[in-house]
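Every chain is numbered from 1, with letters handed out A, B, ... down the list of sequences.
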2 protein chains.
Amino acid sequence: MGVTERKAREKEELRSLILEAAMRLFAEKGVENVTIRNIADAVEYSIGTIYVYFKDKNAILHALHTKGFAELRSRFLVLMHVNNPMERLKAAGHVYIQFAHENPEMYNLMFSIIAPMDFIETWNNEWNEGQATFSFVRDMVQDCMKIGYFGGHSALPLAYMIWSMVHGMCSLVISRRASITGLENPPAEAYAEFLRILDKL
Amino acid sequence: MGVTERKAREKEELRSLILEAAMRLFAEKGVENVTIRNIADAVEYSIGTIYVYFKDKNAILHALHTKGFAELRSRFLVLMHVNNPMERLKAAGHVYIQFAHENPEMYNLMFSIIAPMDFIETWNNEWNEGQATFSFVRDMVQDCMKIGYFGGHSALPLAYMIWSMVHGMCSLVISRRASITGLENPPAEAYAEFLRILDKL
DNA sequence: AAATTAAATGAACATTGTTCAGTATTCCAA
DNA sequence: TTGGAATACTGAACAATGTTCATTTAATTT
């Protein structure tokens with residue numbers, strides 16, 4: 001009779017509402033500075049209701065982290081239209097840095113904050129989001145190797161090196177450690193150096 | 001009459017005692033999971049006494065972060081005996097990665113956690129610790145350029161690129177993001193790739 | 001020995017995540 | 001239509017946190 005379905009839909013809607021409010025608050029005030037009460041206020045429900053829809057704060061953080069990866073993935077998918085793997089790899093770095101620049105708090109949640117990892121561990125799950133993202137980078141590196149780049153290198157460590165580099169560039173800015181360099185835009189300028197290096201490999 | 005001096009010395013001693021206890025607790029339980037009460041218990045003084053010696057928790061975190069940089073600096077100073085700048089740069093990377101591996105919580109405090117930066121901002125100070133460390137890397141890069149390496153590159157962005165890379169390698173491990181790579185020892189294996197790249201520049 | 005200064009205390013407060021017994025609402029069968 | 005059952009929602013209450021500050025204790029000077 002469709003009632004069960006409608007209820008399920010309504011539950012899903014409030015769940016989404018909570019997540020959207022949480023995401024907005026996180027972007028505004030920073031992940032650390034948002035309380036369950038803030039979120040409850042924003043969606044105009046009680047504290048207890050939040051706990052009906054999410055087991056605890058970690059569950060909210062994990063769900064949000066997953067939303068972040070969906071967005072990053074959709075940006076990466078666009079790159080599939082770049083046929084040359086080296087050009088694709090170069091562009092992927094730009095996309096990654098741009099994403100971190102536009103969504104610093106979300107980036108933090110995805111790649112630095114421990115909470116989502118705790119959630120995954122608690123429920124004996126795998127970090128599929130990270131797995132997929134890393135595979136994307138690794139595959140690009142392997143495709144580059146197939147057409148002659150990166151001779152004498154191994155794909156896996158090299159992929160981790162490249163990921164680490166762009167992650168480091170972004171996370172040092174987000175953790176407010178990059179300003180002492182005196183660079184105008186550290187990730188952009190440093191990534192430009194990396195592109196120059198790539199041409200020699 | 002020396003009483004003032006003795007008192008100043010005693011104050012300094014208790015301050016050190018608090019910091020040492022805090023450092024031990026941080027290494028044991030992780031920075032996030034140590035409370036002022038834990039520290040007070042460890043040194044067998046009351047909560048209030050901690051606040052006599054440190055304005056707030058950020059002040060403790062900042063003082064500890066500074067101790068971490070002193071240790072890292074002393075490890076870097078040993079490298080001054082390596083005359084070839086490129087060999088020095090390569091060795092510095094190893095030292096950096098080793099330090100992060102041995103002191104993950106301290107590393108987090110030095111390069112990821114916001115508290116020490118908040119403390120610095122509150123008192124209108126500069127991040128001298130980071131400044132000095134980055135200068136060390138930049139100088140090594142410049143020395144390499146003087147003897148013909150890194151042609152066509154600029155020292156500052158390149159130094160930030162290298163710092164970002166090793167920082168990324170370490171911080172992804174510490175934030176538990178690196179296990180999905182399947183690598184045994186991600187920083188070590190990825191840094192080995194970087195060394196191979198350096199030889200081509 | 002008294003007075004003054006310095007050091008140490010811990011009860012108390014506001015804020016946090018979290019729980020859960022209770023209330024309100026919705027649903028469906030009689 | 002209505003009663004009872006299932007579902008959804010509530011917010012008071014709890015423990016733990018960082019922090020403050022009036023009070024007590026100790027040390028020093030007069």
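- A search for salt bridge (charged side-chain N to carboxylate O under 4.0 Å, His left out) contacts involving B:Glu102 returns B:Arg75, not counting sequence neighbours.
- Taking a cutoff of 4.0 Å between a charged side-chain nitrogen and a carboxylate oxygen, B:Asp199 and B:Lys90 qualify as a salt bridge.
- Between A:Lys57 atom NZ and C:dT19 atom P the separation is 14 Å, expressed in whole Å.
- The shortest side-chain heavy-atom distance between B:Leu14 and B:Thr49 falls under the 4.5 Å cut-off.
- The CG atom of A:Asn58 sits 14 Å away from the C1' atom of C:dT16 (whole-angstrom rounding).
- A close approach under 4.0 Å does occur between a side-chain nitrogen or oxygen of B:Tyr53 and OP1 or OP2 of C:dA8.
- Contacts with DNA chain D (heavy atom under 4.0 Å) in residues 116-125 of chain A: none are found.
- Rounded to an integer number of Å, the gap from B:Glu12 CD to C:dA7 C1' is 16 Å.
- A heavy atom lying under 4.0 Å from DNA chain C marks the following residues of residues 34-48 of chain A, by number: A:Val34, A:Thr35, A:Ile36, A:Arg37, A:Ile47.
- Residue B:Asn33 contributes atom CG, which lies 15 Å from atom P of C:dG17 at whole-angstrom precision.
- No donor-acceptor contact under 3.5 angstrom links the side chains of A:His167 and A:Tyr160, judged on distance only.
- For B:Glu10, the CD atom is densely surrounded, since the number of other residues' heavy atoms within 6.0 Å is greater than 12.
- If you measure from atom CD1 of B:Ile50 to atom C1' of D:dT19, you get 13 Å, rounded to the nearest angstrom.
- The side chain of B:Tyr51 approaches D:dT20 more closely than any other nucleotide in the set D:dC9, D:dT20, C:dT18.
- Rounded to a whole Å, the CZ atom of B:Arg15 is 17 Å from the C1' atom of C:dA7.
- Here C:dA7 presents its P atom at 13 Å from CD1 of B:Ile18, a figure rounded to the nearest Å.
- Residues passing the ring pair (Phe, Tyr, Trp, His ring centres under 6.0 Å) test with B:Phe26: none are found, sequence neighbours excluded.
- Between B:Glu10 atom CD and C:dA6 atom P there is a gap of 15 Å when expressed in whole angstrom units.
- Defined by atom type and a distance below 3.5 Å, a donor-acceptor pair is present between the side-chain atoms of A:Trp127 and A:His65.
- Under the 4.0 Å criterion applied to side-chain N and carboxylate O atoms, A:Arg9 and A:Glu12 are not assigned as salt-bridge partners.
- B:Asn38 approaches B:Asn33 most closely through the heavy-atom pair OD1-O, 3.7 Å.
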Every protein N/O lying under 3.5 Å from an N/O of nucleotides 21-23 of chain C:
none

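- Taking the ring pair (Phe, Tyr, Trp, His ring centres under 6.0 Å) definition, one finds that B:Phe194 meets it with B:Tyr191, sequence neighbours left out.
- Below 30°, between 30° and 60°, or above 60°: for B:Phe111 and B:Trp163 the angle between ring planes is above 60°, a perpendicular geometry.
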